[in-house]
Amino acid sequence: MASSSVKVAVRVRPFNSRETNRGAKCVIQMQDKSTCIINPKQPKDAPKNFTFDYSYWSHSSEEDPSFASQGKVYQDIGEEMLLHAFEGYNVCIFAYGQTGAGKSYTMMGKQDPGQQGIIPQMCEDLFRQTAENTDPDLSFSVEVSYMEIYCERVRDLLNPKSRGSLRVREHPIMGPYVEDLSKMAVTNYSDIADLMDTGNKARTVAATNMNETSSRSHAVFTILFTQRRHDHMTSLDTEKVSKISLVDLAGSERADSSGARGMRLKEGANINKSLTTLGKVISALADMQGTKKRRSDFIPYRDSVLTWLLRENLGGNSRTAMIAALSPADINYEETLSTLRYADRAKQIKCNAVINEDPNARLVRELKEEVNRLKELLLSQGLSNLITASGEHPHVFTPVINTRLRRSQCTETEKIIAELNETWEEKLRKTDSIRQEREALLAEMGVSVKEDGGTVGVFSPKRTPHLVNLNEDPLMSECLIYYIKDGVTRVGQEDVDIRLSGQFIKELHCVFCSEVSENNEGESDHVTFLTFTVSHKCKRYVTKDFCAFE
Amino acid sequence: MAAHQSSEWRTVCEKFRLAQDLSEVESRKDPENNPFRSKYKARDLLKEIHCSLKKIQIEEEGEADSESRQMVDEGAGNECGKSCSGDSPAGLGAARLAVLQYYLGVNHIETEELSAGEQHLMNCLKLIDKCTTTRENVSLFIQARNQLGILWAGRDEIEKAQGFLEIAESMYLLYMREDGQPPLDLQDFFVLEGEELSQQEKTRSRFEMAYTHTLYYLAQVYKNLEQYERAGQYCHSTLQRQLEYKQFVPLEWAINAATLSQYYITKTRYMEARHCLAAASVIATLAGEIPSEAAAKESDAECEKREELLQKRSEIARCWIKYCLNLMQDAKKLLEDNIGELDLDRQEELKRARRNVEEEKEKGRKSAILFGSSDTFDSICSLEEKVSSMLPLDFEEARSIFLVGQSYVAQAKEYFAMDGHVTDHIEILQDHSALFKVLAFFEQDLERRCKMHKRRVDMLEPVCKDLNAQYYLLICRQLQFELAETYYEMMDLKLAVADKQDQPDVHTIKKFNNLCSSSMKYYQMFLDSIRSPEGKFPEKLEDDLLRPALVAKFRVARLQSKLISSNLATQLENLTHSLESYNFVVQYCEENPEAKNAVETELELSSEMVSLLPLKINRIRSKIASCN
């Protein structure tokens with residue numbers, strides 16, 4: 001599946017009793033994936049439409065065929081996320097929306113059957129699936145942690161002794177983590193439920209102490225799911241760890257005051273009153289300029305702790321879902337609209353880590369030259385039809401007659417181009433062919449060259465009769481080897497097999513006769529007899545010595 | 001003003017003070033379910049004062065000239081002129097009422113009754129608009145307009161907001177030019193005679209602060225109007241004034257100035273950027289000494305302070321790195337020819353042009369942006385002198401900027417260590433690598449240039465190996481891509497060096513092949529990172545990966561055909577791989593036509609190669625055949 005960024009769902013709840021009593025009107029309509037909202041103050045205005053991955057109509061009751069139950073929401077979002085967790089991905093589910101819009105119901109739900117939210121259902125599912133495992137080499141472990149982020153401070157909700165704010169850090173292998181955050185090992189869902197309950201209590205207590213409601217803080221429940229596989233061959237354990245983060249975002253109406261900067265995509269032309277926000281304005285200004293091209297600046301405003309902790313969830317190697325809870329009531333119109341807008345933008349959330357590539361200019365030029373070279377090659381081989389047939393290169397649509405003409409022009413050009421753009425390979429090839437030519441030349445002269453290009457020193461072919469030169473200068477002695485072929489080898493100045501030049505060399509100086517005779521065992525090559533003939537009456541042998549071989 | 005001594009006046013003053021207290025202090029303790037309790041109480045008090053004031057005024061007016069009463073009460077002024085002087089008793093009376101209207105306006109706005117708030121503010125303006133601007137009402141004039149600016153901006157009527165704020169701005173400038181006396185503070189309208197007025201210095205400071213806010217609001221208005229240049233300018237002025245009137249928190253100010261430098265960098269205004277950075281560095285030191293490690297262990301407060309100071313200073317250092325980097329990169333853009341090499345003619349031309357730059361003009365521009373607080377001015381200037389703000393045009397100039405950048409890299413890495421700050425640390429390394437890369441552009445000696453790229457490899461390679469892609473996928477990809485490109489660059493350089501030799505020796509060829517392979521390895525790692533856990537390459541690439549992935553394939557294709565071998569079979573194999581990779585690009589674009597635009601040139605060349613490479617391959621085949 002495509003590793004798309006964020007799956008976005010919205011869900012609208014029924015009226016609560018207060019709203020019913022007040023005779024509230026429902027401003028939300030849904031059809032398939034789309035949600036529209038009507039402005040109760042301007043009912044004549046066109047309703048605003050939004051499309052999401054899922055639009056859940058939970059405003060009515062079970063009897064309504066279009067009603068989206070807790071089970072349905074879990075099936076769509078929870079199951080897929082759990083599957084990804086088993087695959088080893090990090091997954092994350094955000095719940096967002098105004099306080100009282102039904103975030104907690106969607107995430108946690110109630111104890112009654114069929115009323116459980118995503119978190120309990122997912123945990124149960126997780127343990128059910130691990131319990132079904134029959135593979136003895138595969139084992140699982142689950143750890144959980146629960147923290148709260150309030151005013152950029154992180155608090156451990158599971159450790160009553162933890163005080164003050166915990167530090168967020170990063171590890172190259174373990175990723176972003178909260179220092180000293182307690183991790184509790186759990187073996188079944190009731191463990192998790194207990195811990196969650198404890199955490200929620202801690203959260204409420206703290207909120208009361210600070211004279212705040214929990215709606216101003218974010219809560220992050222993390223399940224660390226490890227799959228361990230034992231390999232008998234190597235007797236090694238391999239681990240696949242995935243992090244499941246379930247995030248209850250601060251009530252959207254409070255998001256700004258609770259420091260959810262970065263998570264909140266507020267629009268409009270509002271002016272910040274206090275100069276303490278100057279930094280925000282300046283960084284937005286710098287940011288705006290920067291995003292047009294690739295990122296070339298550094299904006300020293302730290303992301304909010306939450307975005308920081310979850311940044312890989314927003315477009316990285318993980319699967320993320322966001323559920324926005326909507327209130328149906330007309331009185332909440334503004335807030336609901338802003339929640340919808342937020343959800344709409346969440347679809348496009350991307351991490352700004354882009355890949356900057358070097359310009360290709362040089363490579364392109366190089367390659368174009370090669371393409372031309374190859375084309376010229378084709379032309380010179382008279383295979384132009386091959387190109388013209390492809391129809392892509394109108395400039396080679398030349399009549400055949402002209403091609404011939406062109407060819408002669410081309411070969412010149414080709415040579416120049418080829419020289420200019422000689423690749424290494426060609427150089428190598430050229431070097432090689434020059435060597436071969438040299439060898440051929442020497443061979444023509446009857447001189448044999450050792451494979452590496454002629455090292456100085458005695459080099460005696462074992463089985464072929466041959467002549468070597470001798471010289472007073474030891475360095476020049478035995479540099480040349482003359483082979484004596486089977487049959488007649490003529491030595492002289494012209495029209496001969498071994499060409500020697502010199503004052504005393506006759507036109508046909510001498511002839512070697514080499515015969516191969518078979519030995520007793522019938523092997524063909526081992527014994528060679530040489531007959532030496534001197535034509536004319538030459539008194540001195542130029543070749544002062546000869547070797548006869550075994 | 002005999003009435004001021006009356007008990008009635010005393011009550012008014014007390015009520016006013018109480019209202020202030022309720023609104024500013026008490027309101028913070030209001031419960032969530034009744035968040036405006038104190039504000040409402042304050043409002044009631046203000047209303048009572050307003051009534052009393054009216055009463056007192058009528059009594060006074062009984063004694064005073066009836067003409068002025070008429071003017072104040074009925075506003076029967078002549079339209080084009082002001083009906084009374086701001087410092088006349090009538091003007092003062094009007095201003096006093098206006099102050100109440102102002103506070104009532106603010107109160108209503110704070111309690112989310114915007115229309116009522118607007119009404120009160122407009123009343124306030126109406127009252128003082130009848131009078132000439134004097135020290136009595138100038139502060140009120142500006143503050144009321146500030147409030148209206150905020151109000152209208154909140155209603156998405158930015159132009160209206162702009163109107164109010166711009167008038168406030170010009171009013172300040174006019175007043176300072178023509179009068180300039182310390183203005184009367186809003187609080188001082190309600191004090192008993194004999195009671196101490198606010199100290200002049202304080203009044204002045206509050207007045208200046210109101211104007212600083214005007215500028216700050218204008219900055220935001222211009223930003224919303226997408227007039228970014230002006231917005232930047234007004235942010236700058238805001239910072240200047242904060243410094244001038246000593247109304248700043250050092251660390252916060254320093255970070256703001258450093259951030260503003262980044263805005264200037266994107267606008268290629270390096271002189272301004274440098275000034276901001278130098279000021280940021282200097283002002284940051286005003287935040288105090290960094291507590292020692294030992295002290296930090298002793299107390300949590302010290303620990304937090306140490307952490308904060310170190311972090312902010314490192315962040316400023318990172319802004320400096322970006323400054324150096326962008327300065328060099330922009331110079332490169334100007335100096336490079338169409339294949340990214342130094343264009344010597346261009347260099348000559350720019351050098352000549354630079355000599356002709358009118359320095360005077362620069363100075364004029366400079367004086368407008370100075371952060372002029374006398375005690376820090378010299379340190380800011382001396383810090384500025386350490387690095388040029390001109391685009392470097394040759395290696396020496398580039399090198400001196402590089403060295404400054406590198407020293408900030410070292411400084412930033414101290415706090416942003418790998419241990420605990422993985423992402424930040426790597427971002428700094430990437431900048432360091434980019435500094436080397438752009439320096440290499442200015443280096444003419446190919447061997448030395450190659451060594452600079454080697455440094456990049458040395459700093460990035462170990463990090464890339466150690467990083468867990470499950471958490472740092474995007475960074476991993478960036479590193480893989482950069483390493484692949486760096487090796488590619490080195491390969492190109494080796495080739496260029498060897499081209500100058502007559503004959504490639506075995507050693508050089510081996511090295512060359514190694515560089516090719518390393519580059520391919522990292523491109524391949526990058527491409528593999530796109531695969532699913534089952535190892536499947538996606539049928540459709542995501543937008544932000546589309547081009548990088550296809551370019552990677554394209555480059556791999558090229559590299560495969562570049563490998564040098566004298567062995568025909570190996571050559572054949574390499575070329576076949578190359579053909580496959582070119583084919584991948586072509587086929588992907590056939591199946592996903594929308595990809596064509598992203599890789600136009602690459603696709604065109606790939607198609608050509610796909611049709612031509614078989615020829616080359618066949619030649620090798622036939623050679624092999626003939627050899628056997």
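Chain letters run A, B, ... following the sequence lines, proteins first, then strands; residues in each count from 1. Basis for what follows: all heavy atoms, side chains included, without hydrogens, waters or symmetry-related copies.
Of all the listed residues (B/Asp419, B/Asn338, B/Leu605, B/Leu467), the one sharing the greatest number of non-hydrogen pairs under 4.5 Å with chain A is B/Leu605. Between chain A and the residues B/Leu325, B/Asp492, B/Thr212, the most heavy-atom pairs under 4.5 angstrom are made by B/Asp492. Between chain B and the options A/Gly279, A/Pro172, A/Ala361, A/Ser274, the largest number of non-hydrogen pairs under 4.5 Å is found for A/Pro172. By number of non-hydrogen pairs under 4.5 angstrom with chain A, the leading residue of B/Ile426, B/Thr423, B/Thr601 is B/Thr423. Ranked by non-hydrogen atom pairs under 4.5 Å with chain B, the options A/Leu275, A/Val168, A/Val364 are led by A/Leu275. Ranked by heavy-atom pairs shorter than 4.5 Å toward chain A, the options B/Lys437, B/Glu482, B/Glu539 are led by B/Lys437.
Between the CD1 atom of A/Ile282 and the OG atom of B/Ser261 there is a distance of 10.0 Å, given to the nearest 0.5 Å. Atom CG of A/Leu374 sits about 9.0 Å away from atom OG of B/Ser611, to the nearest 0.5 Å. Distance check, rounded to the nearest 0.5 Å: CD1 of B/Ile316 to CZ of A/Phe298 gives 10.0 Å. Put simply, CG on B/Leu260 and CG on A/Leu278 are 8.5 Å apart, with the number rounded to the nearest 0.5 Å. The NE2 atom of B/His421 lies 8.5 Å from the CD atom of A/Glu170; values are rounded to the nearest 0.5 Å. Between the NZ atom of A/Lys243 and the CD atom of B/Gln470 there is a distance of 9.0 Å, given to the nearest 0.5 Å.
Heavy atoms closer than 4.5 Å to chain A are found nowhere in B/Gln147, neither backbone nor side chain. Both the backbone and the side chain of A/Thr277 come within less than 4.5 Å of a heavy atom in chain B. Only the side chain of B/Phe481 comes within contact range of chain A, judged by heavy atoms closer than 4.5 Å. Heavy atoms of B/Gln247 lying under 4.5 Å from chain A are absent altogether. For chain A, no part of B/Tyr264 is nearby; none of its heavy atoms comes within less than 4.5 Å. Heavy atoms of B/Phe554 lying under 4.5 Å from chain A belong exclusively to its side chain.
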For this session: Go through the steps to decide whether B/Tyr471 and A/Ile173 satisfy the test side chain to side chain contact (heavy atoms under 4.5 Å, CB included), and finish with yes or no.
Result: CA-CA 8 Å; B/Tyr471 292 102; A/Ile173 309 290; over 6 Å; no

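Crowding of B/Arg155 atom CZ: a count of heavy atoms from other residues, nucleotides or ligands under 6.0 Å exceeding 12. Heavy-atom neighbours of A/Arg169 CZ from other residues, nucleotides or ligands within 6.0 Å: above the threshold of 12.
Between B/Glu489 and A/Arg362 there is a side-chain heavy-atom pair separated by less than 4.5 Å. Contact of the A/Leu363 side chain with the B/Arg555 side chain is registered, since non-hydrogen atoms from C-beta on lie closer than 4.5 Å. At a threshold of 4.5 Å between non-hydrogen side-chain atoms, the residues A/Arg167 and B/Glu307 count as touching. Annotation: side chain of B/Lys562 is in contact with side chain of A/Glu366 (closest heavy-atom distance under 4.5 Å).
No side-chain N or O of B/Glu252 forms a donor-acceptor pair with one of A/Thr276 less than 3.5 Å apart.
Between B/Thr266 and A/Ala286 the shortest heavy-atom distance is CG2-O, 4.5 Å. Taking all atoms of both residues into account, the shortest heavy-atom contact from B/Tyr228 to A/Leu285 is CD2-CD1, 3.8 Å. The shortest non-hydrogen separation linking A/Val371 to B/Met609 is CG2-SD, 3.6 Å.
The pair B/Glu608-A/Lys368 fails the salt-bridge criterion, with no side-chain N (NZ, NE, NH1 or NH2) lying under 4.0 Å from an Asp/Glu carboxylate O. One finds a salt bridge joining A/Glu370 and B/Arg558 here, because a Lys/Arg side-chain nitrogen approaches an Asp/Glu carboxylate oxygen to under 4.0 Å.
For B/Tyr323, the ring pair (Phe, Tyr, Trp, His ring centres under 6.0 Å) partners are B/Tyr270, B/Trp320, not counting sequence neighbours.
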